Amino acid sequence: MYTMMQACREANMTYQALKFYCNEGLVPNVKRDGNNRRIFDERDVKWIKDLVCLKKCGMSIQEMKEYLDLCLQGQATIPQRKEMLTKKQEALRRSIQELEDSVAYIDWKQNFYDEVLAGVRPYISNLIPLDD
């Protein structure tokens, strides 16, 4: 069994985030020790790690609740869960492409500046008017 702090360390999340997830009902079947403190078993910690990943994938709290509800309904809801994950996956792939495009721009701009500084090309700015 894991305490809140131990579960946080295992899942790489803050105490406040785990408490929030528990209070929002995102961690079902939370158990309590003799002092009424939350405790978690291996399955709980695995689910908490899943929540961390879903959050990183861009799922809102509401979407995580919907996903959890589907999970709790069992195997029959796998197609709906797959659809939810497919939409997130597509959005992530778009974000990755946008980031790659941004990195490519920075690479190009850095090369341009290197060439200007080395005297290989003249400096031309889109912002500074050319003297006629």
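Computed from a prediction, not measured in an experiment: that's the story for all the values here. Count residues from 1 along the sequence.
- For Glu98, the side chain to side chain donor-acceptor pair (under 3.5 Å) criterion is met by no residue, not counting sequence neighbours.
- Partners of Asn35 under the side chain to side chain contact (heavy atoms under 4.5 Å, CB included) rule, at least two apart in sequence or in another chain, are Asp33, Arg37.
- For the pair Val45 and Gln6, the minimum side-chain heavy-atom distance is 4.5 Å or more.
- For Lys87, the NZ atom sits in a loose shell: 12 or fewer heavy atoms of surrounding residues, nucleotides or ligands are nearer than 6.0 Å.
- Hydrophobic clustering of Ile, Leu, Val, Met, Phe, Trp and Tyr side chains at less than 4.5 Å, counting indirect connections, keeps Leu54 apart from Ile78.
- For Asn23, the side chain to side chain contact (heavy atoms under 4.5 Å, CB included) criterion is met by Lys19, Arg38, not counting sequence neighbours.
- In summary, the side chains of Gln110 and Asp114 do not present any donor paired with an acceptor at a separation below 3.5 Å, with no hydrogens or angles considered.
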Exercise answer: donor-acceptor pairs, residues 63-77 side-chain atoms, under 3.5 Å, sequence neighbours excluded:
| residue | atom | partner | partner atom | Å |
| --- | --- | --- | --- | --- |
| Glu63 | OE1 | Ser60 | N | 2.8 |
| Glu63 | OE1 | Ser60 | OG | 3.3 |
| Glu63 | OE1 | Lys88 | NZ | 3.2 |
| Glu63 | OE2 | Lys88 | NZ | 3.4 |
| Lys65 | NZ | Glu24 | OE1 | 2.7 |
| Gln73 | NE2 | Asp69 | O | 3.3 |
| Thr77 | OG1 | Leu70 | O | 2.5 |
| Thr77 | OG1 | Gly74 | O | 2.9 |
| Thr77 | OG1 | Arg81 | NE | 3.1 |
| Thr77 | OG1 | Arg81 | NH2 | 3.1 |

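- In this structure, NZ on Lys55 lies 11.5 Å from SG on Cys57, to the nearest 0.5 angstrom.
- Identified under the ring-ring contact (aromatic ring centres under 6.0 Å, His included) test for residues 12-43, with sequence neighbours left out: none.
- Counting heavy-atom neighbours within 6.0 Å of Asp101 CG, excluding the residue itself, gives a total above 12.
- With sequence neighbours excluded, the residues forming a side chain to side chain contact (heavy atoms under 4.5 Å, CB included) with Asp50 are Lys46, Trp47, listed by chain and number.
- Scanning for side chain to side chain donor-acceptor pair (under 3.5 Å) contacts around Asn111 gives Glu115, with sequence neighbours left out.
- Hydrophobic side-chain contacts under 4.5 Å tie Ile39 into a cluster, directly or through other members, with Met1.
- One hydrophobic cluster holds both Val30 and Met5 under the rule that ILVMFWY side chains link at heavy-atom gaps under 4.5 Å.
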Given side-chain contact (heavy atoms from CB on, under 4.5 Å), test Lys31 with Asp44 step by step and report yes or no.
CA-CA 10 Å; Lys31 293 161 277 308; Asp44 296 327; 2.7 Å; yes
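- A search for side chain to side chain contact (heavy atoms under 4.5 Å, CB included) contacts involving Val103 returns Asp107, not counting sequence neighbours.
- Surrounding NZ of Lys109 are more than 12 heavy atoms belonging to other residues, nucleotides or ligands, all under 6.0 Å away.
- Here Ile48 contributes atom CD1 and Tyr2 contributes atom OH; the two are 10.0 Å apart, rounded to the nearest 0.5 Å.
- The side chain to side chain donor-acceptor pair (under 3.5 Å) search around Gln80 returns none, not counting sequence neighbours.
- Screening residues 87-130 for ring-ring contact (aromatic ring centres under 6.0 Å, His included), with sequence neighbours left out, gives Trp108-Phe112.
- Between Leu18 and Ala7, the shortest heavy-atom distance links the atoms CD2-CB, 3.9 Å.
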Would you list the atom pairs, donor with acceptor, under 3.5 Å between side chains in residues 89-96 and any protein atom, with sequence neighbours excluded?
| residue | atom | partner | partner atom | Å |
| --- | --- | --- | --- | --- |
| Ser95 | OG | Ala91 | O | 3.2 |

